[in-house]
Amino acid sequence: MYAIVEIAGQQFKVSKDQKVYVHRLASEEGTKVSFDKVLLLDENGTVTLGAPAVEGASVEAKVLQHLKGDKVIVFKKKRRKGYKKKNGHRQSFTQILIEGIVATGAKKKAAKKEVEVEVTETTEEVKPKAKATKKPKTEE
């Protein structure tokens with residue numbers, strides 16, 4: 001069983017007992033978090049697609065630790081101008097452990113909604129508004 005879930009703006013394919021590095025979450029280490037935006041569920045070959053998310057489905061996870069990624073060097077240079085700029089950046093990550101996928105939502109079928117619109121006829125005549133015209137400049 002696996003699910004495709006959106007966590008912190010990115011989509012991940014997760015399954016039970018999997019460790020995933022995601023963008024920094026505001027939760028403390030050791031706390032449990034739940035992600036409700038499940039886009040796809042696969043239960044033993046039965047695929048459930050969400051529109052955009054599967055209703056009632058969620059992914060339960062535990063925050064293991066907060067850490068930083070590898071350093072990325074950002075080097076800018078303009079040739080023959082003497083311009084060089086060197087910067088470094090380390091992205092903040094959170095390591096989570098997927099504890100389970102809850103699939104209580106049944107298959108979602110597109111419900112056809114009929115919208116009734118009443119048309120009323122007006123007996124009043126609508127007069128068009130007069131257009132503003134520019135007066136020509138006269139030389140005095």
**Q** Is the shortest heavy-atom distance from the side chain of Val20 to the side chain of Val14 under 4.5 Å?
**A**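 In contact.
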**Q** Are Met1 and Phe35 linked, directly or through other ILVMFWY residues, by side chains that come within less than 4.5 angstrom of each other?
**A** yes
**Q** For Leu40 and Val47, run side chain to side chain contact (heavy atoms under 4.5 Å, CB included): C-alpha distance rounded to whole Å, both residues' side-chain angles, the deciding distance at 0.1 Å, then the answer.
**A** CA-CA 7 Å; Leu40 181 137; Val47 177; 4.0 Å; yes
**Q** Report yes or no: do Val22 and Leu67 belong to one cluster of Ile/Leu/Val/Met/Phe/Trp/Tyr joined by side chain heavy-atom distances under 4.5 Å?
**A** no
**Q** How are the rings of Phe93 and His23 set relative to one another: parallel (under 30°), tilted (30 to 60°) or perpendicular (over 60°)?
**A**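 Taking His23 first and then Phe93, their aromatic rings lie parallel (interplane angle under 30°).
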**Q** If hydrophobic residues (ILVMFWY) are linked whenever their side-chain heavy atoms come closer than 4.5 Å, directly or via other members, who joins Leu97 in its cluster?
**A** Leu64
**Q** Could you go step by step and tell me if Val59 and Val102 meet the side chain to side chain contact (heavy atoms under 4.5 Å, CB included) rule?
**A** CA-CA 6 Å; Val59 173; Val102 180; over 6 Å; no
**Q** If you look only at pairs with a residue in residues 5-16, which of them pass as a salt bridge (charged side-chain N to carboxylate O under 4.0 Å, His left out), with sequence neighbours excluded?
**A**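 Non-adjacent pairs meeting salt bridge (charged side-chain N to carboxylate O under 4.0 Å, His left out): Glu6-Lys37.
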**Q** Testing the basics here: between Ser58 and Asp36, what is the closest heavy-atom pair and its distance to 0.1 Å?
**A**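 Result for this residue pair: CB-OD1, 3.5 Å.
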**Q** Please list all pairs passing the side chain to side chain donor-acceptor pair (under 3.5 Å) test where one or both residues lie in residues 78-89, with sequence neighbours left out.
**A** His89-Gln91
**Q** Pair Val33, Val63 - check side chain to side chain contact (heavy atoms under 4.5 Å, CB included), show working.
**A** CA-CA 7 Å; Val33 290; Val63 177; 4.2 Å; yes
**Q** Got a sec, which pairs hit salt bridge (charged side-chain N to carboxylate O under 4.0 Å, His left out) with one end in residues 17-33, sequence neighbours left out?
**A**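 As it turns out, the salt bridge (charged side-chain N to carboxylate O under 4.0 Å, His left out) pairs with a partner in residues 17-33, which skip direct neighbours, are Lys32-Glu99.
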**Q** Among Ile7, Ile96, Ile98, find the one that has a side chain to side chain contact (heavy atoms under 4.5 Å, CB included) with Phe12.
**A**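 Testing Phe12 for a side chain to side chain contact (heavy atoms under 4.5 Å, CB included) against Ile7, Ile96, Ile98 leaves exactly one candidate, Ile7.
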**Q** Quick one: closest heavy-atom pair of Gly69 and Arg90, and the distance?
**A**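 Where Gly69 meets Arg90 most closely, the heavy atoms are O-NE, 3.0 Å.
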**Q** For Leu41 and Ala57, which heavy atoms make the closest approach, and how far apart are they?
**A** CD1-CB, 3.7 Å
**Q** Check side chain to side chain donor-acceptor pair (under 3.5 Å) between Ser27 and all other residues, then give those that pass, not counting sequence neighbours.
**A** none
**Q** Roughly how far, to the nearest 0.5 Å, is CD of Glu43 from OG1 of Thr48?
**A**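 Separation between the atoms: 6.0 Å.
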